[in-house]
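Position 1 is the first residue of the sequence; numbering continues from there. When reading the values below, keep in mind they use all heavy atoms of this one structure, side chains included, and skip hydrogens, waters and symmetry mates.
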Amino acid sequence: MYWDVKKVQPLPNYQIQVELEDGRGGVFDLAPYLGRGQFRALQDLNYFNQVGILFGAVTWPNGQDIAPETLIAGLQTTTSLSTGMS
């Protein structure tokens, strides 16, 4: 789907850089979510840096994920994305 995440990379300050299947990309700030429910675990930077993609969604090993609508709504667009993203 158009909102599927193709690449994700952790950044400093609890941000992630993403590229979507449709070519859009940008930075999403997770800092506002860190005090809420399951997202509290992301305060551990070692764990936060384990961000990945499962079925087109941004996820972490213990099941935390970001809804596509939330990701798209909060995406701060960038002009270029790093080629080192995974």
Side-chain angles (χ1 to χ4, degrees):
M1 302 226 120
Y2 74 93
W3 62 73
D4 282 356
V5 175
K6 183 167 76 171
K7 297 179 182 178
V8 64
Q9 177 180 347
L11 299 173
N13 301 317
Y14 300 103
Q15 296 182 335
I16 54 172
Q17 186 170 9
V18 298
E19 183 178 334
L20 304 177
E21 285 290 338
D22 67 1
R24 289 182 289 172
V27 174
F28 185 84
D29 185 7
L30 281 127
Y33 300 89
L34 297 179
R36 300 180 190 172
Q38 67 175 347
F39 291 107
R40 287 187 180 114
L42 300 180
Q43 293 176 14
D44 176 345
L45 282 176
N46 290 323
Y47 183 66
F48 179 83
N49 289 332
Q50 295 178 42
V51 64
I53 301 168
L54 183 63
F55 303 118
V58 172
T59 63
W60 283 266
N62 291 335
Q64 295 89 349
D65 64 1
I66 302 170
E69 310 83 38
T70 302
L71 181 68
I72 291 169
L75 200 60
Q76 300 169 12
T77 58
T78 56
T79 54
S80 64
L81 294 174
S82 168
T83 57
M85 292 174 55
S86 59

With a cut-off of 3.5 Å and sequence neighbours excluded, list every side-chain donor-acceptor pair involving residues 65-74.
none

Could you give the side-chain donor-acceptor pairs of residues 26-39 under 3.5 Å, partners two or more places apart or in another chain?
unit_1	atom_1	unit_2	atom_2	d
Asp29	OD1	Ala31	N	3.0

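- Panel note: side chain Asn13, backbone Gln15; no donor-acceptor pair is recorded below 3.5 Å.
- Taken from CZ in Arg24 to CH2 in Trp3, the straight-line distance is 10.5 Å, to the nearest 0.5 Å.
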When the side chains of residues 47-56 are checked against the rest of the protein, which donor-acceptor pairs come out under 3.5 Å, sequence neighbours left out?
unit_1	atom_1	unit_2	atom_2	d
Tyr47	OH	Asn62	N	2.7
Tyr47	OH	Gln64	OE1	2.5
Asn49	ND2	Leu45	O	3.1
Gln50	NE2	Asn46	O	3.4

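- Linking ILVMFWY residues whenever their side-chain heavy atoms come closer than 4.5 Å, directly or via other members, leaves Val58 and Leu11 in distinct clusters.
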